A.B. asks: 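Below you will find the structure I want to go over with you.
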Amino acid sequence: MRLQFLGGALGCVLMLLRRATARPVLFLSLVGVALTMGHALWVGAAAPGGVSLVMSSGMSLAVAAGLVWYTHRKAGLDLLR
């Protein structure tokens, strides 16, 4: 579970360094977050406190997707080397 977050941190560092490799690293992190959160929602949605689980999972997924979108946009503007 922690591997996709490590990938997200590595992708953010690469993005700060303006490296084009940030894009695939963040995309793989997004896939990992989606798989992990999808499984967590599948298992824990019916449990007590399921609403907070859905909200936190949604926020993690939104941040990961936003980072992928941002790097895609910056790569299109040729700001990543």
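For this chain, numbers begin at 1 and follow the sequence in order. All values reported here derive from a predicted model rather than from experimental measurement.
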A.B. asks: What pair of heavy atoms forms the shortest contact from A64 to L30, and how long is it?
C.D. replies: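 Residues A64 and L30, closest heavy atoms: CB-CD1, 3.6 Å.
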A.B. asks: Could you state whether V31 and V68 fall into the same hydrophobic cluster, counting links through intermediate Ile, Leu, Val, Met, Phe, Trp or Tyr residues with side-chain heavy atoms under 4.5 angstrom apart?
C.D. replies: yes
A.B. asks: Look only at the side chain of T36 and the backbone of G32, and say whether a donor-acceptor pair between them is shorter than 3.5 Å.
C.D. replies: yes
A.B. asks: If you round to the nearest 0.5 Å, how far is OG1 of T71 from CG of L14?
C.D. replies: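 These two atoms lie 10.5 Å from each other.
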A.B. asks: Do F27 and M37 sit in the same hydrophobic cluster, where Ile, Leu, Val, Met, Phe, Trp and Tyr count as joined when their side-chain heavy atoms come under 4.5 Å apart?
C.D. replies: yes
A.B. asks: With clusters defined by side-chain heavy atoms of hydrophobic residues (ILVMFWY) lying less than 4.5 Å apart, directly or transitively, does V33 cluster with W69?
C.D. replies: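 Yes, it is one cluster - the side chains of W69 and V33 are joined through contacts under 4.5 Å.
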A.B. asks: For A22 and G11, which heavy atoms make the closest approach, and how far apart are they?
C.D. replies: CB-O, 3.5 Å
A.B. asks: If I take atom SG from residue C12 and atom CG from residue L26, how far apart are they, to the nearest 0.5 angstrom?
C.D. replies: 5.5 Å
A.B. asks: To the nearest 0.5 Å, what is the distance between CE on M15 and NZ on K74?
C.D. replies: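 The CE atom of M15 sits 10.0 Å away from the NZ atom of K74.
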A.B. asks: Say whether L10 and L35 are linked into one hydrophobic cluster, either directly or through other cluster members, by side-chain heavy-atom distances under 4.5 angstrom.
C.D. replies: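 Result: no, two separate clusters.
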